[in-house]
Asks: 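Mind having a look at this structure? Questions to follow.
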Amino acid sequence: MMISRAERSANYVILIVFAAFALFPLGSILAAALGPESASVAREGGGLHWENFATAWTQGQFGRYMTTSVVVSALVVSVALVCSIMAGYAFGTMRFRGEQALFYLFLLGIMVPTEAIIVPLYFDLRTLGLTNTIWGVALPQIAQSIAFGTYWMRAYFKSSNVSIMEAARLDGAGTHRILWQVLVPIGRPALTTLVLLTFMWTWNEFLIPLVMSPSGSVRTAPLGLAFFQGQHVQGTTLLAAAAVLVALPVVIVYLFLQRHFVKGMIEGAVRE
Amino acid sequence: MRSGLAGPTAPPDRRRAAVPLRRRLTPYGFLLPAFCLYAAFLLVPIGRAVQLSLYEWDGLTVGTFVGLDNFATVASDPRLREAFWHALVLIIFYSVLPLLIGLLLAAVLNRGKVRGLPFFRTVIFLPQVVAMVVVAVAWRQIYAPNGSLNSGLRAVGLGSLARPWLGDYTFSLPAVGFVGTWVSMGLVTVLLLAGMSRIPIDLFEAARLDGAGAVREFFAITLPAIRGEITVALTLTIIAALKTFDLVYVTTGGGPGTSTTVPSYEVYRRAFQLGEVGAAAAVGITLTILIFGINLVVNKVGDRSST
């Protein structure tokens, strides 16, 4: 394409400005996290203060919160994945009575905001004795993830190769074997993307863990950070270090697999 | 219903004509686990939310049926009306501004053979994957009275503009909204870029041969081709704007006064701090209806303009 030199440099200026804008808040919190915690620490000198992360970790009880987050994420991702694969398989490859109506019912779950259901969820789960438990935090998120996951897996199974399924059937494979031993292995990219998105949404979720554990006994990492902030109104260093710790798992996965994230969010969005 | 789950012993079925019962039940068997969890923790709560919105209930004692009174409150309570108004203002920051930025960046990325495109895409999308609490903590430090925004202003001689941004009655809502712009712009850019990269390159070359400049090329070719992506970007970001919760909870708590309160924050405050459960449910339902309505309008307009 023919592009003048002036236009080209203008393009780079625009891109650099916005890249800097995107990075600045994250860069500054990382810088704050590695800075000296107090004037006395600053006098001792010594470039980067990695010990801030350890201090924030222990002071803010992030060991406990991270464990909760890992357990909740593992539960939500695994249960929602298996359920979504099975439901998506039914919607994508089988014909049955009520198919349309049921599918729209699942679609509804993608559109209804958490804000609408959080109130009854809290009071009903309290009655069932599930508040302040891992399940109280995980089950509502499993349901939301199933709504998106079913929709996602249906699209994958619809596009999957019919001749492969036919061949497997002629070889005597039943519906279960076709799903788990033929379609799931070749569907790795679609599954990876779904796992990543579900993990990210679960790890970052705020409202559900906030409401479902009023006693704070099953606080996830983002909640821990919010409460840590409440205690550290002044000290920005430890707060910044804690923020970096909470963001890190998703950011690391993102940097390695960013194509999956971007592709997933765009495909999920465009097909809607 | 569970017979479909019976396992790998299902006999090979070559005679499709007479479909045995267990085979007809198979799809329902596959749907069962998903449906049970989904129904119990999403469908039932939706119904219960509608039910709760018709009661006056403090979460402890027996509720009283009040019909649509809670919805009348949503319409008349000044604080709630303000919350919904703020949500609409946030749409400008979450959707309109990022759309303008996204159009500019995607156009630049698409037509200039930019080196380092993957790097740029990764960087600008990064705010999307960081937890909102972390985003809120980062921006609180930037907006703080002696944070980097105010130091920057003082450094360039605009110290008179420095203020505690999140504690200012006039500027706290725009300050919160601007964080939304920062978060959304990457998603919008990447979305629009995906649409633009599907436009056949000869179209641009033909336009260039006809003497069209970058601006005319953009309005004549690029913009009409990505209407679908614009619709999707607006839908997603508008929903995000209307659902703002963690950002407000962590940065301002709705304040100062009521200057940054939003519907989702009011749901939380009324249900779990003030014990006005019915009113909270009504706000949640109203928010849902608003989201559905705006979705419908955006998609209708998007459809019509593309035909």
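Excluded from the calculations below are hydrogen atoms, water molecules and symmetry mates; all remaining heavy atoms, backbone and side chain alike, are included. On a predicted model such as this, the values are computed, not experimentally measured, just so you know. All chains are named by letter (A, B, ...) in the order of the sequence lines, taking the proteins before the strands, and each is independently numbered beginning at 1.
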Asks: When you compare the side chains of T114(A) and Q144(A), does any donor N or O come within less than 3.5 Å of an acceptor on the partner?
Replies: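 Note: T114(A) and Q144(A) side chains meet the donor-acceptor criterion.
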Asks: Let me know if I142(A) has heavy atoms under 4.5 Å from chain B in its side chain, its backbone, both or neither.
Replies: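 The side chain, not the backbone.
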Asks: So for L105(A), is it side chain, backbone, both, or neither that comes closer than 4.5 Å to the heavy atoms of chain B?
Replies: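 When you check distances to chain B, atoms from both the backbone and side chain of L105(A) fall under 4.5 Å.
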Asks: Taking the side chain as C-beta and beyond, is there a heavy-atom pair between N204(A) and M132(B) under 4.5 Å?
Replies: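 No, their side chains stay 4.5 Å or more apart.
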Asks: I'd like to verify something: which residue of V251(A), V246(A), D124(A) has the highest number of heavy-atom pairs under 4.5 Å with chain B?
Replies: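 Greatest number of close heavy-atom pairs with chain B: D124(A).
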Asks: At a heavy-atom separation under 4.5 Å, does F199(A) approach chain B through its side chain, its backbone, both, or neither?
Replies: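 Neither part; nothing is under 4.5 Å.
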Asks: Are any non-hydrogen side-chain atoms of M200(A) and M265(A) less than 4.5 angstrom apart?
Replies: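 Yes; the side chains approach each other to less than 4.5 Å.
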Asks: So if I apply the side chain to side chain contact (heavy atoms under 4.5 Å, CB included) rule between T189(B) and each of L109(B), L103(B), L104(B), V108(B), which one comes out positive?
Replies: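 Exactly one option meets the side chain to side chain contact (heavy atoms under 4.5 Å, CB included) with T189(B), and it is L109(B).
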Asks: Looking at S184(B) and T181(B), would you say the former's side chain and the latter's main chain have a donor-acceptor pair under 3.5 Å?
Replies: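 Not a single qualifying donor-acceptor pair exists.
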Asks: Heavy-atom cut-off 4.5 Å, strictly under: side chain, backbone, both or neither for L52(B) against chain A?
Replies: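 Only the side chain of L52(B) comes within 4.5 Å of chain A.
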Asks: Select one option (side chain, backbone, both, neither) describing which atoms of V211(A) are under 4.5 Å from chain B's heavy atoms.
Replies: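 Contact with chain B: side chain only.
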Asks: Can you say whether R259(A) sits under 4.5 Å from chain B via the side chain, the backbone, both, or neither, judging by heavy atoms?
Replies: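 Only the side chain of R259(A) comes within 4.5 Å of chain B.
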Asks: If you count heavy-atom pairs under 4.5 Å with chain B, which of I16(A), L102(A), L248(A), L26(A) comes out on top?
Replies: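 Option with the top pair count is L26(A).
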Asks: Flag the pair F24(A) / W182(B) as yes when their ring centroid distance falls below 6.0 Å, and as no otherwise.
Replies: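 No, too far apart.
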Asks: So what's closer than 4.5 Å to chain A heavy atoms on R115(B): side chain, backbone, both or neither?
Replies: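 Both parts, backbone and side chain.
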Asks: For the interface with chain B, which of A221(A), S145(A), A247(A), P25(A) has the highest count of heavy-atom pairs at distances below 4.5 Å?
Replies: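 Ranked by contacts with chain B, first place is P25(A).
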Asks: For I142(B), which atoms come within 4.5 Å of any heavy atom of chain A: side chain, backbone, both, or neither?
Replies: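 Side chain of I142(B) only, per the 4.5 Å heavy-atom cut-off to chain A.
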Asks: Go through it in stages, so that I can follow the logic: the residues are H176(A) and F30(B), the test is ring pair (Phe, Tyr, Trp, His ring centres under 6.0 Å), and I'd like the CA-CA distance, side-chain angles, deciding distance and then a yes or no.
Replies: CA-CA 9 Å; H176(A) 272 274; F30(B) 276 98; 4.7 Å; yes
Asks: Just give me the residue among P140(A), S28(A), G109(A) that pairs up with chain B most often, heavy atom to heavy atom, under 4.5 Å.
Replies: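 With the most close heavy-atom pairs to chain B, the winner is G109(A).
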Asks: Between F106(A) and Y151(A), is the ring centroid distance below 6.0 Å?
Replies: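 For F106(A) and Y151(A), the ring centres are not under 6.0 Å apart.
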Asks: Report yes if some heavy atom in the side chain of P113(A) is under 4.5 Å from a heavy atom in the side chain of K243(B); otherwise report no.
Replies: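 Answer yes - side chains close enough.
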Asks: So which part of A10(A) gets closer than 4.5 Å to some heavy atom of chain B, the side chain, the backbone, both or neither?
Replies: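 For A10(A), neither part sits under 4.5 Å from chain B.
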Asks: Please look at F35(B) and chain A and tell me whether the side chain, the backbone, both or neither of the residue comes under 4.5 angstrom of a heavy atom of that chain.
Replies: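 It is both, since atoms from each part get that close.
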Asks: Relative to chain A, which of V190(B), L287(B), D246(B), T286(B) shows the most heavy atom pairs under 4.5 Å?
Replies: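 Heavy-atom pair counts peak at D246(B).
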Asks: Please state whether the side chain, the backbone, both or neither of F96(A) comes within less than 4.5 Å of a heavy atom of chain B.
Replies: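 F96(A) touches chain B through backbone and side-chain heavy atoms alike.
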Asks: Contact part of F123(A) toward chain B, heavy-atom cut-off under 4.5 Å: side chain, backbone, both or neither?
Replies: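 Side chain only.
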Asks: Does any heavy atom of chain B fall under 4.5 Å from the side chain of V253(A), the backbone, both, or neither of them?
Replies: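 Answer is neither: V253(A) stays 4.5 Å or more from chain B.
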Asks: Any sub-3.5 Å donor-acceptor pair from W180(A)'s side-chain atoms to T175(A)'s backbone N or O?
Replies: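 Between the backbone of T175(A) and the side chain of W180(A) there is no qualifying donor-acceptor contact (under 3.5 Å).
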Asks: Pick one of side chain, backbone, both or neither for S148(B), based on which atoms fall under 4.5 Å of a heavy atom in chain A.
Replies: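 Interface part for S148(B): side chain.
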Asks: Check whether Q141(A) reaches the backbone of V137(A) with its side chain - one donor and one acceptor, N or O, closer than 3.5 Å.
Replies: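 A pair under 3.5 Å: yes.
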Asks: Strictly under 6.0 Å, is that where the ring centroids of F206(A) and Y249(B) end up?
Replies: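 Under 6.0 Å, so yes.
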Asks: Above 12 or not: heavy atoms from other molecules or residues under 6.0 Å from OH of Y12(A)?
Replies: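 Yes, because the 6.0 Å sphere around OH of Y12(A) holds more than 12 heavy atoms from other groups.
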Asks: Which answer fits F21(A), side chain, backbone, both or neither, if we ask what part of it has an atom under 4.5 Å from a heavy atom of chain B?
Replies: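 Interface part for F21(A): both.
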Asks: Identify which part of L139(A) has an atom lying under 4.5 Å from any heavy atom of chain B, answering side chain, backbone, both or neither.
Replies: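 Backbone plus side chain of L139(A), per the 4.5 Å heavy-atom cut-off to chain B.
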Asks: Pick one of side chain, backbone, both or neither for I85(A), based on which atoms fall under 4.5 Å of a heavy atom in chain B.
Replies: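 Looking at I85(A), nothing touches chain B.
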Asks: Highest number of heavy-atom pairs under 4.5 Å with chain A: which of V183(B), I285(B), V283(B), V277(B)?
Replies: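 Looking at each of V183(B), I285(B), V283(B), V277(B) in turn, V277(B) comes out on top.
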Asks: Is the shortest side-chain N to carboxylate O distance from R198(B) to E229(B) below 4.0 Å?
Replies: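 Looking at E229(B) together with R198(B), the answer is yes, because their closest N to O distance falls below 4.0 Å.
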Asks: So for F272(B), is it side chain, backbone, both, or neither that comes closer than 4.5 Å to the heavy atoms of chain A?
Replies: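 The side chain, not the backbone.
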Asks: Looking at E166(A) and A168(A), would you say the former's side chain and the latter's main chain have a donor-acceptor pair under 3.5 Å?
Replies: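 Side chain of E166(A) to backbone of A168(A), a donor-acceptor pair under 3.5 Å: no, none is there.
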Asks: Let's test your reading of the structure: which of A80(A), A90(A), P120(A) forms the most heavy-atom pairs below 4.5 Å with chain B?
Replies: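 Of the options given, most contacts go to P120(A).
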Asks: Is it true that R269(B) and Q273(B) share a donor-acceptor pair across their side chains at a distance under 3.5 Å?
Replies: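 Absent: no donor and acceptor within the cut-off.
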Asks: Could you tell me which of V44(B), V50(B), V133(B) has the largest number of non-hydrogen atom pairs under 4.5 Å with chain A?
Replies: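 The candidate making the most pairs under 4.5 Å is V133(B).
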Asks: Given the options G195(B), A280(B), A138(B), which has more heavy-atom pairs under 4.5 Å with chain A than any of the others?
Replies: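 Sorted descending by pairs with chain A, the first entry is A138(B).
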Asks: What part of R24(B) is in contact with chain A, defined as an atom under 4.5 angstrom from a non-hydrogen atom: side chain, backbone, both or neither?
Replies: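 Neither part.
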Asks: Determine yes or no for a side-chain-to-main-chain donor-acceptor pair under 3.5 angstrom, with N70(B) supplying the side chain and S53(B) the backbone.
Replies: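 At least one qualifying donor-acceptor pair exists.
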Asks: Which region of L42(B), side chain (C-beta onward) or backbone (N, CA, C, O), has a non-hydrogen atom less than 4.5 Å from a non-hydrogen atom of chain A, or is it both or neither?
Replies: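 Both the backbone and the side chain of L42(B) come within 4.5 Å of chain A.
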Asks: For A147(A), does its backbone N or O pair with a side-chain atom of Y38(B) as donor and acceptor, under 3.5 Å?
Replies: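 No; zero donor-acceptor contacts below 3.5 Å.
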Asks: So for L108(A), is it side chain, backbone, both, or neither that comes closer than 4.5 Å to the heavy atoms of chain B?
Replies: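 Both backbone and side chain.
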Asks: Counting heavy-atom pairs under 4.5 Å with chain B, which one of L210(A), L23(A), T150(A), L255(A) comes out on top?
Replies: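 Answer, by heavy-atom pair count under 4.5 Å with chain B: L210(A).
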Asks: Does any heavy atom of chain A fall under 4.5 Å from the side chain of L242(B), the backbone, both, or neither of them?
Replies: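 For L242(B), there is no contact with chain A at all, as no heavy atom is under 4.5 Å.
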Asks: Please look at Y122(A) and chain B and tell me whether the side chain, the backbone, both or neither of the residue comes under 4.5 angstrom of a heavy atom of that chain.
Replies: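 Side chain of Y122(A) only, per the 4.5 Å heavy-atom cut-off to chain B.
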